[in-house]
Amino acid sequence: QVQLVESGGGLVQPGGSLRLSCATSGVTLEYYAMGWFRQAPGKEREWVSCISGGDRKTYYSDSVKGRFTVSRDNVKNTVYLQMNSLKSEDKGVYYCAAKPLWTVRNVAECYTMNYWGKGTLVTVSA
């Protein structure tokens, strides 16, 4: 049974940083592509970033490119999202997601996932 549990959300000032974690169980992480999505109040969920399974290719939405970094530790079965230079528009519930995929050849493959966590809330406010 695949389980994804996010943590690390909280309140941060604009310009600050947070690191989100996604602890996984029931998967062999290197065989899964992992993604991060977010949903702001009143808005649809949007894709933020993803990382391939075996080759660890990374992809980012234009809105976070250069500020966010996704990484994974296959030994700890954990995926991370380092978020720097946070802006008010980065606020929302952040979800970790997974799909069995060794390598992401096209970013569109990141947009649909099979398994989801329950999310962690990020608030960016002065």
Side-chain angles (χ1 to χ4, degrees):
Q1 181 179 0
V2 177
Q3 289 191 323
L4 309 175
V5 180
E6 304 93 337
S7 62
L11 173 64
V12 63
Q13 293 185 342
S17 298
L18 279 176
R19 188 176 81 156
L20 306 183
S21 299
C22 174
T24 73
S25 60
V27 300
T28 302
L29 202 55
E30 67 181 300
Y31 297 116
Y32 281 73
M34 301 297 297
W36 287 96
F37 295 72
R38 67 187 181 189
Q39 186 168 21
K43 295 189 177 181
E44 293 188 353
R45 186 171 60 195
E46 65 170 335
W47 171 74
V48 173
S49 177
C50 74
I51 182 168
S52 276
D55 59 11
R56 304 193 184 205
K57 289 181 181 177
T58 57
Y59 300 83
Y60 301 93
S61 67
D62 288 343
S63 61
V64 308
K65 197 174 295 182
R67 300 187 297 121
F68 290 13
T69 303
V70 61
S71 62
R72 61 197 298 156
D73 185 329
N74 289 349
V75 174
K76 294 183 178 180
N77 290 326
T78 301
V79 181
Y80 304 97
L81 185 68
Q82 177 66 43
M83 307 187 296
N84 298 329
S85 304
L86 283 161
K87 306 175 182 179
S88 59
E89 52 263 42
D90 293 318
K91 67 180 183 293
V93 178
Y94 281 70
Y95 298 92
C96 174
K99 71 188 297 182
L101 187 63
W102 176 262
T103 183
V104 175
R105 293 185 173 86
N106 186 301
V107 67
E109 295 180 303
C110 295
Y111 299 161
T112 58
M113 293 285 175
N114 298 86
Y115 305 100
W116 295 84
K118 294 184 178 181
T120 185
L121 178 64
V122 172
T123 303
V124 184
S125 174

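When a residue number appears, it is its place in the shown sequence, counting from 1.
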**Q** How long is the gap from CZ on F68 to CG on N84, to the nearest 0.5 Å?
**A** 8.5 Å
**Q** Can you tell me if S125 and T123 form a side-chain donor-acceptor pair at under 3.5 Å?
**A** no
**Q** How about P100 and N114: do any of their side-chain heavy atoms sit closer than 4.5 Å?
**A** yes
**Q** I'd like to know if L101 and Y31 are part of one continuous hydrophobic network [Ile/Leu/Val/Met/Phe/Trp/Tyr, side-chain heavy atoms within less than 4.5 Å].
**A**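 No; L101 is not reachable from Y31 via cluster members.
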**Q** Report the relative orientation of the aromatic rings in Y95 and W116; use parallel for angles under 30°, tilted for 30 to 60°, perpendicular for over 60°.
**A** perpendicular
**Q** With hydrophobic residues grouped by side-chain heavy-atom distances under 4.5 Å, do V48 and L18 end up in a single group?
**A** yes
**Q** Can you see whether D55 engages T103 through a side-chain donor-acceptor pair at a distance of less than 3.5 angstrom?
**A**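 D55 vs T103: donor-acceptor pair found between side chains.
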**Q** Under 3.5 Å, side chain of Y32 to main-chain N/O of S52, donor-acceptor pair present?
**A**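 No, Y32 side chain to S52 backbone: no donor-acceptor pair under 3.5 Å.
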**Q** Give me the atom names and distance for the closest heavy-atom approach of R72 to A33.
**A**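 In terms of heavy atoms, the two residues are closest at NH1-CA, 4.5 Å.
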**Q** For the residue pair R19 and Y80, confirm or rule out a side-chain donor-acceptor distance under 3.5 Å.
**A** no
**Q** Measure across M113 and A98 and return the closest heavy-atom pair with its distance rounded to 0.1 Å.
**A**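 That closest heavy-atom pairing would be SD-C, 3.6 Å.
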**Q** Would you say W36 and V104 are hydrophobically clustered, going by side-chain heavy atoms of ILVMFWY under 4.5 Å?
**A**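 Different clusters.
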**Q** Would Q82 and S17 count as a side chain to side chain contact (heavy atoms under 4.5 Å, CB included) here? Give the steps.
**A** CA-CA 7 Å; Q82 177 66 43; S17 298; 3.9 Å; yes
**Q** Transitively linked via ILVMFWY side-chain contacts under 4.5 Å: W102 with V27?
**A** yes
**Q** Taking 4.0 angstrom as the limit, do D90 and K87 come out as a salt bridge?
**A** no
**Q** Are any non-hydrogen side-chain atoms of M83 and V122 less than 4.5 angstrom apart?
**A** yes
**Q** What pair of heavy atoms forms the shortest contact from W47 to Y111, and how long is it?
**A** CE3-CE2, 3.5 Å
**Q** Would you say the side chain of V79 lies within less than 4.5 Å of the side chain of L29, judging by non-hydrogen atoms?
**A** yes
**Q** When rounded to the nearest 0.5 angstrom, what distance separates NZ in K65 from CG in D62?
**A**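 One gets 4.5 Å once the value is rounded to the nearest 0.5 Å.
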**Q** Which heavy-atom pair separates K99 from T112 by the least distance, and what is that distance?
**A** NZ-O, 3.0 Å
**Q** With rounding to the nearest 0.5 Å, note down the distance linking CG in L20 to CZ in R38.
**A**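 Reported to 0.5 Å precision, the distance equals 11.0 Å.
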**Q** Between L4 and C22, what is the shortest heavy-atom contact and its length?
**A** CB-SG, 4.0 Å
**Q** Measuring from I51:CD1 to M34:CE, what's the distance to the nearest 0.5 Å?
**A**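 One gets 9.5 Å once the value is rounded to the nearest 0.5 Å.
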**Q** So, N77 and T24: side-chain donor and acceptor under 3.5 Å apart, yes or no?
**A** no
**Q** Kindly give the heavy-atom pair with the smallest separation between L86 and R67, and that separation in Å.
**A** CA-NH1, 3.9 Å
**Q** Test your reading of the model: is there a side-chain donor-acceptor pair from K57 to the backbone of R105, 3.5 Å cut-off?
**A** no
**Q** Do you reckon V5 sits in the same ILVMFWY cluster as Y94, going by side-chain contacts under 4.5 Å, direct or chained?
**A**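 As far as the 4.5 Å side-chain criterion goes, Y94 and V5 are not connected within one cluster.
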**Q** Does the pair E6/K118 count as a salt bridge with the N-to-O cut at 4.0 Å?
**A**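 So E6 does not pair with K118 through a salt bridge.
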**Q** Is a side-chain N or O of T78 found less than 3.5 angstrom from the main chain of K76, in a donor-acceptor match?
**A**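 Between the backbone of K76 and the side chain of T78 there is a qualifying donor-acceptor contact (under 3.5 Å).
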**Q** Who are the side-chain hydrogen bond (donor to acceptor under 3.5 Å, both in side chains) partners of T120, not counting sequence neighbours?
**A** none
**Q** Calculate, to the nearest 0.5 Å, the distance between atoms NZ and CD belonging to K43 and E89 respectively.
**A**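 That separation rounds to 8.0 Å.
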